[in-house]
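Working notes for the structure below.
If you're wondering where the values come from, they're calculated on a predicted model, not measured in any experiment. For the single chain, residues carry numbers from 1 onward in sequence order.
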Amino acid sequence: MLKKITVEAALNAEMDEHLGYEKHHKSTSVNSHNGKTSKRIQTEDGQFELDTPRDSKGSLNLS
């Protein structure tokens with residue numbers, strides 16, 4: 001569970017940096033946060049669902 005939280009926090013920070021603003025804040029950009037996509041990943045500790053953020057233009061591929 002700690003890995004899931006850590007990785008999702010890093011992915012969300014990467015998206016915020018890419019878009020230039022934090023989620024739920026106003027933006028003047030034409031590109032914006034656009035939900036998330038679930039991915040199942042396998043680690044040495046087992047499988048878990050990872051929620052990766054999306055942007056409306058799809059210009060940052062975090063999957």
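For the pair L50/L11, a side-chain contact is recorded, criterion being any heavy-atom separation below 4.5 Å from C-beta on.
Not a single side-chain contact (heavy atoms from CB on, under 4.5 Å) links E17 to another residue, sequence neighbours left out. The side chain to side chain donor-acceptor pair (under 3.5 Å) test applied to S38 returns D51, not counting sequence neighbours. Legend: residues meeting side-chain contact (heavy atoms from CB on, under 4.5 Å) with Q47, ordered by chain and number and at least two apart, are R40, Q42. For K4, the side chain to side chain donor-acceptor pair (under 3.5 Å) criterion is met by E8, not counting sequence neighbours. Residues satisfying the ring-ring contact (aromatic ring centres under 6.0 Å, His included) test with F48, not counting sequence neighbours, are none.
Under the 4.5 angstrom side-chain criterion for Ile, Leu, Val, Met, Phe, Trp and Tyr, the cluster partners of M1 are I5.
The main-chain N or O of T37 is found under 3.5 Å from a side-chain atom of T52 such that the two form a donor-acceptor pair.
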Legend entry - Stepwise side-chain contact (heavy atoms from CB on, under 4.5 Å) test for N12 and K23: CA-CA 9 Å; N12 285 318; K23 190 174 182 179; 5.8 Å; no
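Atom NZ of residue K3 and atom CD of residue E44 lie 3.5 Å apart, to the nearest 0.5 angstrom.
For K57 against N31, the heavy-atom pair with the smallest separation is N-OD1, 3.0 Å.
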